Amino acid sequence: MSYGSKASLHAGIAVRSVAPPSEIVESMWLSAVMFGPGNVDEQAANKAYESMAATQKAMFQMQLEARRKIDAVLTKGQREQLSRYWSSR
């Protein structure tokens with residue numbers, strides 16, 4: 001797949017979202033259940049974990065997709081320069 005220009009590449013990456021902000025806030029709130037006062041609600045704790053794991057996996061998949069798209073538009077020299085930059089960090 002060809003992405004044509006840097007602008008279209010940027011637009012394609014920026015448009016995607018991991019999860020709506022309300023879902024992220026909900027997963028953060030659910031994770032607080034495990035550390036709040038009183039007994040642990042195991043069902044809520046498991047739900048929070050599953051939600052956080054799904055969000056983390058989606059973020060990882062987006063990073064892989066972004067890397068693939070970036071590699072598709074870089075020249076060999078640019079890829080080598082980027083590789084040298086990351087290996088020096």
Side-chain angles (χ1 to χ4, degrees):
M1 181 181 293
S2 175
Y3 295 98
S5 71
K6 188 165 57 170
S8 66
L9 173 66
H10 177 68
I13 293 170
V15 168
R16 296 220 27 221
S17 174
V18 174
S22 60
E23 288 181 24
I24 294 171
V25 169
E26 179 184 358
S27 71
M28 292 169 56
W29 177 82
L30 289 172
S31 68
V33 172
M34 295 184 295
F35 303 106
N39 295 333
V40 173
D41 181 346
E42 290 185 26
Q43 186 176 9
N46 280 318
K47 183 178 177 182
Y49 175 80
E50 289 172 9
S51 175
M52 288 184 291
T55 300
Q56 185 174 19
K57 183 177 180 179
M59 289 170 36
F60 176 75
Q61 294 298 325
M62 286 177 54
Q63 290 173 340
L64 289 177
E65 181 182 354
R67 175 63 186 260
R68 182 179 48 78
K69 288 179 179 181
I70 290 167
D71 282 346
V73 297
L74 294 178
T75 65
K76 181 180 178 183
Q78 290 170 325
R79 280 192 293 277
E80 289 171 356
Q81 183 179 7
L82 187 60
S83 177
R84 284 192 303 271
Y85 170 77
W86 283 112
S87 64
S88 70
R89 299 188 112 235

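No experiment lies behind these values; they were computed from the predicted model shown.
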Chemist: Please identify each residue that fulfils side chain to side chain contact (heavy atoms under 4.5 Å, CB included) with Gln78, with sequence neighbours left out.
Modeler: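 Leu74, Thr75.
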Chemist: Let me know which of Lys69, Arg67, Gln61 forms a side-chain contact (heavy atoms from CB on, under 4.5 Å) with Glu65.
Modeler: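 The single option meeting the side-chain contact (heavy atoms from CB on, under 4.5 Å) with Glu65 is Lys69.
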Chemist: Which residues pass the side chain to side chain donor-acceptor pair (under 3.5 Å) test with Ser87, not counting sequence neighbours?
Modeler: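 For Ser87 there are no side chain to side chain donor-acceptor pair (under 3.5 Å) partners, ignoring immediate neighbours.
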Chemist: Using the test side chain to side chain contact (heavy atoms under 4.5 Å, CB included), find all partners of Gln63 that sit at least two apart in sequence or belong to another chain.
Modeler: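 Testing Gln63 for side chain to side chain contact (heavy atoms under 4.5 Å, CB included), a comparison that skips the adjacent residues, returns Phe60.
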Chemist: Is the side chain of Ser83 donor-acceptor paired with the backbone N or O of Arg79 at a distance under 3.5 Å, no angle test?
Modeler: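 No; judged by distance alone, with no hydrogens or angles, the pair does not exist.
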Chemist: Could I get the full list of side chain to side chain donor-acceptor pair (under 3.5 Å) partners for Glu80, not counting sequence neighbours?
Modeler: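 In terms of side chain to side chain donor-acceptor pair (under 3.5 Å), with neighbours along the sequence ignored, Glu80 is linked to no residue.
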Chemist: Would you compute the distance between atom CZ of Arg84 and atom CG of Leu82 and round it to the nearest 0.5 angstrom?
Modeler: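 Arg84 atom CZ to Leu82 atom CG measures 10.0 Å (nearest 0.5 Å).
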